[in-house]
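Lettering follows sequence order; numbering is per chain, from 1.
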Amino acid sequence: MTPSDPFALDDNPPPSSPSEPQPIGDPSWLAGLNPEQRQAVEITDGPVLVLSGAGTGKTRVLITRLAYILGKRLAQPWQILAVTFTNRAAREMRERVGGLVGPMAESLWLGTFHALGVRILRKHGELVGLKSNFTILDSDDQLRLLKQVMEADGIDHKKWPAQVVLSVIQRWKDKGLTPDRVTPSMAGDLAAGRAVDLYRAYQERLITLNATDFGDLLLHCLTLFQDHAEVLQEYQDRFRYILVDEYQDTNVAQYLWLRLLCQKHRNLCCVGDDDQSIYSWRGAEVGNILRFEKDFTDAKVVRLERNYRSTPTILAAASALIDHNEDRLGKTLKPAGESDSEDAPVTVKGVWDGPEEARWVIEEIEALQTKGESLSSMAILVRAGFQMLEFEERFITTGVPYRVVGGPRFYERLEIRDAIAYLRCITTPTDDLAFERIVNKPKRSIGDTTVQKIHVYARSAGLSLMEAALRLTETDELRAQTRKALTTLIGDMSRWRSLRDGLSPADLAAQVLDESGYTEMWMKDTSPEAPGRLENLKEFVGGLEEWDTIGAFLEHVSLVMENDSKAGDEAVTIMTLHGAKGLEFDTVFLPGWEEEIFPHRRALDDGGGAAVEEERRLAYVGLTRARKKVSISYAANRRVYNQWQASLPSRFISELPNEHIENISDNGLMGSFGEGQSEGFSDGWGGGSSWPKARGRKAPVIEGDSWQVEARESSGGYAVGMRIFHQKFGYGIIQSVDNTRLEIAFDKAGDKKVIDSFVEPA
DNA sequence: CGTATATATCTTTTT
DNA sequence: GATATATACG
């Protein structure tokens, strides 16, 4: 945050000792607030709905409100429930409240819905059939479990992909529907009309495994509260004040959860912005905002419309864009500050293709850096994860430091999940999913047939897989070889288990990975990614050092799937638009504004305008992340799958107000689609064309009124033996040519297969 | 049971 | 192009 930012709490800590609550009305708390913000803080009695636009200081309101309640001694910290949407937001909030009220902040009930749900279920889970050490399945485990259930039920998994069924089940859970509450009409003919049965069977399997999925963390809470009034009452009594952040992204189950908990004291404060609702695909219901006013007729509504973040130009652009949505409560953002000389227009840049776009963005970044801008004040926000790759490559070649937030998630990597499965087997011998995952990793001659045998036996005898396996090794059911392998594995497991108390989690993990042969497996692996995997395993063991017990670590893993990115580094941030919600930067780059990418194809396919409206809200979120400058860009050609495809500028670009937009597209790329504009790069090695990288690639030809890219099969003049340069791999010699695919022996990077468009003659 | 080869599907977005 | 699953063969 810049020093001039009115919300820069961190830069202006309250003068007095942070451990002592300050007197009420202390200017350093309230004086900085505008009248609406102040209202949102001071109306502590009864339900309050705060509709707060982007950049209107909603986080500050929440934090001040918490501090205010504590400072006024309206409640003890453990009597306050504060719910956020992400772990990151929870962490930040705790830190900032701690800055105001001191260590008291530690005892707040503050976290995500899911984390708080776990906390409750760990304590009262027995009442809904869960032992307190239940495990939380990640999406991969969920899918495998459902597949098993479907197989047992004889459902054709070709016709009804488990993924589809799973997402339907999850929707039901998001709505707070247990299997007995799903009506046949909701299930339709999904999975041959057996969807509800599958749901029920899936839930039963989860309970026998003593496991939950993400949805259950809330769903079980609801059943718990409904069936056990005394438990509900305990929490209703406790929570005198409830605060909810990102309220527009709550789903029905979460809403019901909140409504049950706040019934006694009715001091519920929800903060949200319908224009920033971007999680409907996860079951979020903007309708919860309307429902709030209906269910709490005495609710006070406070609107925060003064934007302290962005320049008037950016606000005008964002407002004009979101105005194209039909379905909104209607809310205008007013610039709070006076417009200054730095009020630059929003730029729109059209370029030839993806790599060109990345090149341009990073040139701009370097230019800003030369002017003295900090890299950490800039961000590239993309629609989907795969768009990050092109930028990463360019960052690597230019050497500009960058930081990927929420990219491929660490704990979701194959090798990490394997390592975790080992730990789970040790802590919880009944964890069948974990056991199944690692029985044959590394190869122990325990193949599918053996696993099937174990399964059958476990089911009939009502045992866990590990127990069943142990019993089977005492028989002659299995081949001598596999019997021996199983015996060793199970013996190892119990040996490691007995070591658990004597060793730190990190040491234990290191020993397990070593003795199981898991590390060795990857060391012997010659595939290019093996070294990286070993590296990750090392990092994994290193990360374990911070944990005292394996249990605590596993809990962390299942709830916090994000990387703890070391912030503060001087680096450009690159992340998805979803990940960027709630953040702000001086300069924001918004690449890939093309039809089918943004709005995403799936949103366009999805019939009605609702999906596109959500995409538009996403665009709105992107624009409003910027304090000073927004750069939108799009490419005329994009490589999708393995083919080049022409693309059209996003409809969102044409929805931006002309007077606030500066078009800086390269020649012929903007506003002239369908006209004969392709001179300069129509063929081959277009010498002085402005498309140096386009040579030898595909030539655009006009067909009808849309761009078509001719699939040229020539290799653009590359031949075996030629010396070339590649941005990522450096110099090398061409070994073979197959249409556009080249095999190249690089001086440093070794043999690689690359696409001709990524190399140039050396 | 393991390995090699073919093939289908893929790309939203996250707790 | 990459990854996961299916099939054939040793």
Side-chain angles (χ1 to χ4, degrees), chain A residues 83-90 111-118 136-140 142-144 147 157-158 161-163 167 170 173-174 212-218 246 249-251 253-254 277-284 381-389 405-409 411-412 414 439-440 442-452 478-479 481-482 485 527-529 557-563 575-581 592 596-606 611 614-615 617-619 621-622 638-643 740-741 752-755 758:
Chain A
V83 194
T84 61
F85 203 63
T86 64
N87 293 294
R88 191 186 61 210
T112 61
F113 279 103
H114 301 273
L116 295 164
V118 171
I136 303 160
L137 267 39
D138 61 29
S139 47
D140 209 65
Q142 290 171 41
L143 196 61
R144 286 196 301 156
K147 270 185 190 156
H157 59 283
K158 282 253 168 62
Q163 188 60 255
S167 63
Q170 252 149 5
K173 291 191 174 185
D174 289 339
T212 68
D213 64 15
F214 269 99
D216 284 341
L217 297 179
L218 287 150
E246 307 284 10
D249 286 325
T250 53
N251 59 39
Q254 290 163 338
S277 156
I278 53 176
Y279 283 98
S280 69
W281 50 273
R282 220 178 77 186
L381 307 181
V382 297
R383 170 68 244 264
F386 68 88
Q387 293 173 264
M388 294 184 182
L389 206 69
V405 177
R409 272 165 286 182
Y411 294 125
E412 266 175 21
L414 178 103
V439 241
N440 208 25
K443 299 270 189 302
R444 297 186 176 91
S445 307
I446 304 168
D448 286 343
T449 44
T450 310
V451 174
Q452 282 311 316
L478 305 169
R479 287 167 34 187
Q481 191 192 9
T482 51
S527 60
E529 62 265 23
V557 169
S558 35
L559 286 175
V560 185
M561 293 299 281
E562 64 196 21
N563 288 339
M575 54 166 43
T576 64
L577 285 160
H578 284 88
K581 193 166 69 160
E596 310 240 299
I597 289 184
F598 191 33
H600 193 275
R601 159 104 70 107
R602 291 274 287 259
L604 294 170
D605 291 348
D606 218 42
E614 177 147 322
E615 297 284 302
R617 289 194 292 271
L618 203 48
V621 167
R638 206 47 93 169
R639 198 176 42 169
V640 49
Y641 302 126
N642 208 14
Q643 284 186 321
T740 60
R741 290 164 57 172
K752 303 271 181 207
K753 283 184 198 145
V754 300
I755 300 292
F758 285 107

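When the P atom of dT14(B) is taken as reference, atom CG of L381(A) falls 12 Å away, rounded to whole Å. Here dT13(B) presents its P atom at 11 Å from CG of L577(A), a figure rounded to the nearest Å. Nucleotide dT9(B) holds its P atom 20 Å from the CZ atom of F386(A), rounded to whole Å. One can place CG of D213(A) at 19 Å from P of dT14(B), the figure rounded to the nearest angstrom. Across the protein-nucleic acid pair, Q163(A) atom CD and dT3(C) atom P stand 18 Å apart, rounded to whole Å. Q254(A) has its CD atom 12 Å from the C1' atom of dT14(B), to the nearest Å. As a whole-Å value, the separation of Q142(A) CD from dT14(B) C1' is 12 Å. Going from atom CD of E246(A) over to atom P of dT13(B) covers 19 Å, rounded to whole Å.
In the set dT14(B), dT11(B), dT3(B), the nucleotide with an atom closest to the side chain of H600(A) is dT11(B). In this structure, the nucleotide among dT15(B), dG2(B), dT14(B) sitting nearest to the side chain of T576(A) is dT14(B). Residue T86(A) has its side chain nearest to dT15(B) when only dT3(B), dT15(B), dT13(B) are considered. The side chain of K147(A) approaches dT5(C) more closely than any other nucleotide in the set dT14(B), dT3(B), dT5(C). You'll find that the side chain of F214(A) is closest to dT15(B), out of dT11(B), dG2(B), dT15(B). When the nucleotides dT11(B), dT13(B), dT15(B) are ranked by their closest atom to the side chain of A384(A), dT13(B) comes out on top. In the set dG2(B), dT15(B), dT13(B), the nucleotide with an atom closest to the side chain of W281(A) is dT13(B).
I278(A) comes within 4.0 angstrom of no nucleic acid atom, judged by non-hydrogen atoms across all strands. When heavy atoms are screened at a 4.0 angstrom cut-off, G385(A) is found touching the sugar-phosphate backbone but no base atom. Among the heavy atoms of the strands, none lies under 4.0 Å from F113(A).
Under the 4.0 Å criterion applied to side-chain N and carboxylate O atoms, D174(A) and R282(A) are not assigned as salt-bridge partners. Ion pairing of E246(A) with K581(A) is present here, as a side-chain N (NZ or NE/NH1/NH2) and a carboxylate O approach within less than 4.0 Å.
Mapping L618(A) and N440(A) onto DNA chain B by nearest heavy atom places N440(A) at the nucleotide closer to the 5' end.
When the ring pair (Phe, Tyr, Trp, His ring centres under 6.0 Å) test is applied to Y279(A), the partners found at least two apart in sequence or on another chain are F85(A), W281(A), H578(A). Evaluation of the salt bridge (Lys or Arg N to Asp or Glu O under 4.0 Å) rule for E614(A) yields R617(A) as partners, not counting sequence neighbours.
A donor-acceptor contact shorter than 3.5 Å links the side chain of E615(A) to the backbone of H600(A).
When the side-chain nitrogen and oxygen atoms of K173(A) are compared with OP1 and OP2 of dT15(B), none of them lie within a distance under 4.0 Å.
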